[in-house]
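Side chains included, hydrogens not; waters and symmetry mates left out as well; all remaining heavy atoms used.
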Amino acid sequence: QQQQHQQHKYPAPKDDLLADTGRLFIRNLAYACTEDDLQKLFEPYGPLAEVSVPLDAQSKRSKAIAFVTFVLPEHAVKAYAELDGTSYQGRLLHILPAESRDSNSGVVDDTGNFKKKRDADRKANSQNSLSWNSLFLRADTVASAMADLHGVDKGDILSLDADNTAVRLALGEAHIVAENVEFMRANGVNVSAFENVGKDRSKTVILVKNLPFDTTLEEIRNLFSKHGTVLRCVLPPSKTIALVEFGEAAEARAAFRACAYRRFKLEPLYLEWAPQNTFKKADDNADHMPASNAPVSSTEPAPSAQAAAAVATSKAAASAVVSAGPEMEVEESGRTTLFVKNLNFSTTEDSLQALFVKAGVVKATIATKKDPKRPGHTLSMGFGFLEFSNAAQATEALKTMQGVELDGHELALKLSQRTTAPAAKPQAKAQGGRSSTKLLIRNVAFEATKKDITELFGSFGQIRSVRMPKKIDGSHRGIAFVDFLTKQEATNALQALGGSTHLYGRRLVMEYAHDEQSLDALQEKAQRQLMPSKPSGQKKKVRLENDE
């Protein structure tokens with residue numbers, strides 16, 4: 001009788017609609033039901049594209065309804081067949097097929113112009129993480145920030161008379177990236193979360209890019225506060241990026257959909273979800289905008305155009321070296337790192353850092369090695385390092401936390417004898433292994449010349465040689481080798497330019513180069529990665545003979 005009553009009350013769902021959209025509408029939910037609860041309920045049936053629980057605009061409480069979108073429609077059909085009418089959190093679920101979000105709106109007529117179609121496609125794909133670039137910096141904003149920093153006109157930096165404009169912008173970008181890192185770290189942002197951005201993204205923090213230089217913090221807040229409660233905004237003095245945090249995930253999604261590729265001062269906004277744990281939990285400030293955000297005034301006379309550009313280039317390079325990272329600070333400040341051993345192999349870096357957070361630990365690192373049985377996974381080596389901001393905190397933690405128990409193991413602490421931070425080791429490993437005086441630069445624009453490479457990297461040390469292998473027609477192959485006099489100079493250049501530096505619009509990919517990395521070896525490696533292997537007995541025999 002209950003089933004007959006439900007069939008009489010609710011019309012039969014359209015199975016063809018569900019097979020097309022893969023989107024479910026769930027009602028009669030408990031008011032305490034959250035998006036994480038529904039994620040756990042529906043994830044066993046297949047990967048989810050979106051889970052949304054609408055909230056009341058005033059009370060911020062759930063409306064007892066939800067929308068769940070699957071990546072593949074057949075998974076939605078299976079979930080609907082098994083969960084409709086079942087009991088969940090004390091209520092009977094009523095599930096219906098739902099139309100796609102943009103089925104009735106946002107459709108652009110085929111007769112419209114190209115720009116409208118392009119903007120509509122970009123907005124529709126704005127949630128796709130494959131199109132995101134966390135390191136994107138707008139070139140015009142970089143030039144404006146450099147001009148404002150050094151008190152010169154932007155036209156002096158972008159002068160047509162100069163033959164190193166691209167190098168100036170690349171050095172300015174490196175300086176701004178280092179400046180943003182220091183500003184973010186000082187204002188409660190977990191900078192390490194941006195170093196290895198994975199699939200896990202925040203549901204409430206949005207990264208805003210492609211901002212004009214005259215953007216203010218109040219304008220960003222007013223733009224996003226229309227869609228919900230904004231907890232805090234972070235806007236560095238360079239105005240290149242901004243972070244916006246919402247109190248509710250539903251409000252953050254609404255703001256993301258409304259503001260993605262929206263025109264802001266004649267420029268489209270590029271949005272992406274920030275990494276997990278973007279903000280430190282100890283930081284409770286709502287807004288972060290220092291007084292130094294105002295234009296810098298100077299009592300010195302205004303320099304000429306060429307002199308100002310030269311000063312801007314040299315200052316940007318020097319600042320990039322000084323702001324290369326916390327590794328330099330640790331090396332100069334002394335014994336601020338503790339060596340910890342006897343760790344449980346199941347202990348994670350998060351649990352280790354949580355244990356020493358009251359002692360003032362800045363970062364906890366556990367040494368790992370590759371898992372031979374599971375490619376792509378790592379195994380703990382049973383020891384690690386604890387980094388503190390000063391030597392006093394490290395000494396106090398050594399005295400008070402000696403022998404503390406974690407995951408059933410008593411930890412043994414002692415002062416580390418290393419002169420550099422352990423965090424630099426995995427970075428060096430990812431960028432080419434052991435340190436060297438020679439750097440390998442990939443993805444070099446074909447417009448770049450040997451002079452451009454020399455001027456760009458010559459700001460960080462004395463260069464012994466620059467080599468750009470060429471093709472038969474005389475043009476270079478898009479790679480370059482830069483050999484410095486010392487390893488420290490090569491490390492400075494790698495740390496300052498290796499994060500996000502664009503030369504002629506192309507991001508430079510750098511790593512340490514070694515003598516065995518010849519051009520023939522690089523070409524052979526590229527062919528192995530690009531050419532699919534064809535199983536053939538004859539070719540396999542030839543390959544074995546060559547190996548012998």
Side-chain angles (χ1 to χ4, degrees), residues 34-35 49-67 69 99-108 115-116 118-129 131-132 134 136 138 141 184 187-189 201-237 239-275 278-279 283-289 293:
T34 63
E35 294 180 356
E50 183 183 12
V51 177
S52 175
V53 177
L55 303 177
D56 183 77
Q58 296 181 352
S59 63
K60 305 298 181 184
R61 291 187 58 192
S62 170
K63 294 183 179 180
I65 60 174
F67 293 91
T69 306
E99 295 182 350
S100 60
R101 182 182 297 276
D102 55 350
S103 58
N104 296 324
S105 61
V107 178
V108 180
K115 289 185 178 181
K116 290 183 178 180
R118 181 192 60 188
D119 293 343
D121 292 338
R122 287 178 174 178
K123 195 174 186 67
N125 297 325
S126 59
Q127 299 276 356
N128 185 7
S129 60
S131 61
W132 291 343
S134 302
F136 175 80
R138 188 165 173 261
T141 305
M184 294 289 188
N187 288 272
V189 178
R201 298 281 183 144
S202 173
K203 298 180 180 179
T204 57
V205 183
I206 300 176
L207 180 62
V208 188
K209 299 169 291 185
N210 201 41
L211 294 171
F213 184 69
D214 58 348
T215 303
T216 62
L217 183 66
E218 193 64 25
E219 290 174 342
I220 295 294
R221 175 174 286 277
N222 293 337
L223 176 64
F224 286 91
S225 60
K226 300 176 183 178
H227 309 282
T229 303
V230 176
L231 297 183
R232 56 181 144 186
C233 296
V234 176
L235 181 65
K239 314 293 183 62
T240 51
I241 59 174
L243 288 171
V244 181
E245 183 182 19
F246 284 85
E248 300 293 340
E251 296 174 345
R253 283 195 302 270
F256 194 104
R257 289 191 295 265
C259 297
Y261 290 99
R262 175 179 176 177
R263 292 287 174 176
F264 178 73
K265 297 185 177 183
L266 303 180
E267 298 296 335
L269 292 179
Y270 299 158
L271 306 184
E272 73 172 84
W273 294 109
T278 298
F279 288 102
D283 186 83
D284 296 325
N285 296 330
D287 291 336
H288 306 298
M289 178 61 73
N293 195 38

side-chain hydrogen bond (donor to acceptor under 3.5 Å, both in side chains) with S62: which residues, sequence neighbours excluded?
-> none

Mind checking the NZ-CG spacing from K209 to L269? Nearest 0.5 Å is all I need.
-> 11.0 Å

Would you mind telling me which of T216, T240, L211, I241 makes a side chain to side chain contact (heavy atoms under 4.5 Å, CB included) with L235?
-> L211

Between CZ of F256 and OG1 of T204, what distance do you get to the nearest 0.5 Å?
-> 13.0 Å

Closest heavy-atom pair, R253 versus W273, reported as atoms and distance to 0.1 Å, is N-CH2, 3.8 Å

Taking all non-hydrogen atoms of both residues into account, name the closest pair between F224 and V208 and its distance.
-> CZ-CG2, 3.6 Å

Rounded to the nearest 0.5 Å, how far does CD of E50 lie from CD of E35?
-> 8.5 Å

Of all the heavy-atom pairs spanning S202 and P275, show the shortest one and how long it is.
-> CB-O, 3.6 Å

Criterion side-chain contact (heavy atoms from CB on, under 4.5 Å) on F246 and V230, from CA distance to verdict = CA-CA 5 Å; F246 284 85; V230 176; 3.8 Å; yes

Listed by chain and number, what are the side-chain hydrogen bond (donor to acceptor under 3.5 Å, both in side chains) partners of T34, not counting sequence neighbours?
-> D37

Just by modelled atom types, is the T215 backbone N or O under 3.5 Å from a matching donor or acceptor in the K239 side chain?
-> yes

Go through the steps for V234 and F279 under the test side-chain contact (heavy atoms from CB on, under 4.5 Å), then give the verdict.
-> CA-CA 10 Å; V234 176; F279 288 102; 3.8 Å; yes

Name all residues meeting the salt bridge (Lys or Arg N to Asp or Glu O under 4.0 Å) criterion together with D56; count only those two or more places apart in sequence or in a different chain, and write none if there are none.
-> none

Compare every heavy atom of L243 with every heavy atom of A274, then report the nearest pair and how far apart it is.
-> CB-CD2, 4.3 Å

How many angstroms lie between atom OG1 of T278 and atom CZ of R201, to the nearest 0.5 angstrom?
-> 9.0 Å

State which residues pass salt bridge (Lys or Arg N to Asp or Glu O under 4.0 Å) with K226; sequence neighbours excluded, sorted by chain then number.
-> none

Minimum heavy-atom distance between E251 and H227, given as atom pair plus value | CB-O, 3.5 Å

Would the number of heavy atoms belonging to other residues, nucleotides or ligands and lying under 6.0 Å from CZ of R263 be above 12?
-> yes

For C233 and I220, which heavy atoms make the closest approach, and how far apart are they?
-> SG-CG2, 4.4 Å

E248: salt bridge (Lys or Arg N to Asp or Glu O under 4.0 Å) partners, not counting sequence neighbours | none

Excluding sequence neighbours, so at least two apart, what forms side-chain hydrogen bond (donor to acceptor under 3.5 Å, both in side chains) with T141?
-> R138

Between N210 and Y270, is there a donor-acceptor pair closer than 3.5 Å when you use the side chain of the first and the backbone of the second?
-> no

